[in-house]
Amino acid sequence: MAYPGSNIPTANPVSVISPHFCVPYPIDLAIASKILTITDGNFVVTDINGNIIFKVKGTFLTINDRRVLLDAAGNPIVTLKQKLISAHDRWQVFRGDNTDSSNLIFSAKRSSMFQLKSNLDVFLANNTKEDVCDFKVKGSWFERSCVIYAGESSNIVAQMQKKHTVKSILLGKDKSMVTVYPNIDYAFIVALIVILDGINRTEGV
């Protein structure tokens with residue numbers, strides 16, 4: 001199956017967090033958060049059949065925002081932490097539940113301080129110069145419409161769009177669908193969505 005704008009060879013998995021999360025077929029994930037619960041960053045990620053894939057536990061309205069991405073069994077995969085005193089709303093992502101610098105996997109920041117859309121530049125830990133980003137997120141978080149690209153290229157690795165259902169409205173939940181392309185680390189993509197949520201919650205979006 002062809003994917004518009006995606007030229008990444010499926011034979012070469014793009015692993016950021018772990019190759020365990022790279023599969024040779026596209027994955028559709030549903031992300032649901034209770035939109036009435038603004039005091040935390042908790043939400044659940046399921047597959048299209050409703051099976052829980054990830055859970056996100058977080059703290060909000062504290063000195064700094066911190067979230068933990070857990071697998072279905074509750075084991076920590078990565079910890080996401082907002083960096084204090086950061087002009088571009090920089091977030092850092094660490095392996096497991098340890099925020100020691102040696103466990104840093106990647107960081108993400110706004111492409112610009114003054115922007116209405118949710119554009120992020122993503123840098124892997126070994127990209128210390130940060131001259132060119134390793135991944136880029138473009139789109140609108142308010143509309144839940146975002147596209148994730150490999151670096152500065154037009155190669156799409158994942159897309160998110162909002163889903164409205166009668167059930168989600170009645171339950172007071174905000175639901176988004178994310179399509180992750182083949183051989184792309186889907187835990188990494190979910191981590192980026194968590195960062196987008198964190199940045200925009202601080203702005204009341």
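Computed from a prediction, not measured in an experiment: that's the story for all the values here.
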Output the distance between atom [atom1] ([X]) and atom [atom2] ([Y]), rounded to the nearest 0.5 Å.
X      : Y      : atom1 : atom2 : value
Phe123 : Lys129 : CZ    : NZ    : 14.0 Å
Lys81  : Arg67  : NZ    : CZ    : 14.5 Å
Ile105 : Asn126 : CD1   : CG    : 12.0 Å
Asn103 : Ser101 : CG    : OG    : 8.0 Å
Ile27  : Cys22  : CD1   : SG    : 9.5 Å

Do any N or O atoms from the side chain of [X] and from the backbone of [Y] form a donor-acceptor pair under 3.5 angstrom?
X      : Y      : result
Asn49  : Asn51  : no
Arg95  : Leu104 : no
Asn127 : Val132 : yes
Asp185 : Val14  : no
Asp97  : Val68  : no
Thr79  : Gly96  : yes

Taking C-beta and beyond as the side chain, do [X] and [Y] meet within less than 4.5 Å on heavy atoms?
X      : Y      : answer
Pro19  : Pro13  : no
Val56  : Leu70  : no
Ser107 : Arg90  : yes
Met160 : Ile193 : yes
Leu196 : Leu120 : yes
Val78  : Ile17  : yes
Pro182 : Pro24  : no

[Y] reachable from [X] in the ILVMFWY side-chain graph, under 4.5 Å edges:
X      : Y      : result
Val23  : Leu69  : yes
Leu192 : Ile53  : yes
Tyr149 : Val16  : yes
Leu124 : Ile195 : yes
Ile148 : Leu29  : yes

Going by atom types only, do Thr179 and Asp28 share a side-chain donor-acceptor pair under 3.5 Å?
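Thr179 vs Asp28: donor-acceptor pair found between side chains.
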Between [X] and [Y], is there a side-chain N and carboxylate O pair less than 4.0 Å apart?
X      : Y      : value
Glu152 : Lys138 : no
Lys109 : Asp121 : no
Lys55  : Asp71  : no

Residue pair Asp134, Val122: steps toward the side chain to side chain contact (heavy atoms under 4.5 Å, CB included) verdict:
CA-CA 6 Å; Asp134 295 289; Val122 183; 5.7 Å; no
Should Phe188 and Phe106 be marked as a side chain to side chain contact (heavy atoms under 4.5 Å, CB included) after you check the CA-CA gap, both sets of side-chain angles, and the distance that decides it?
CA-CA 9 Å; Phe188 165 63; Phe106 70 92; 3.5 Å; yes
Would you please name every residue forming a ring-ring contact (aromatic ring centres under 6.0 Å, His included) with Phe94, sequence neighbours left out?
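Phe94 satisfies ring-ring contact (aromatic ring centres under 6.0 Å, His included) with no other residue.
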Listed by chain and number, what are the ring-ring contact (aromatic ring centres under 6.0 Å, His included) partners of Tyr186, not counting sequence neighbours?
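For Tyr186, the residues satisfying ring-ring contact (aromatic ring centres under 6.0 Å, His included) (neighbours in sequence not counted) are Phe21, Phe54.
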Apply the test side chain to side chain contact (heavy atoms under 4.5 Å, CB included) to residues Val178 and Gln159: give CA-CA distance (whole Å), side-chain angles for both, the deciding distance (0.1 Å), then the verdict.
CA-CA 6 Å; Val178 179; Gln159 298 186 72; over 6 Å; no
Before giving the answer on side chain to side chain contact (heavy atoms under 4.5 Å, CB included), spell out for Ile48 and Met177 the whole-Å C-alpha distance, their side-chain angles and the decisive distance to 0.1 Å.
CA-CA 9 Å; Ile48 55 176; Met177 294 297 297; 3.9 Å; yes
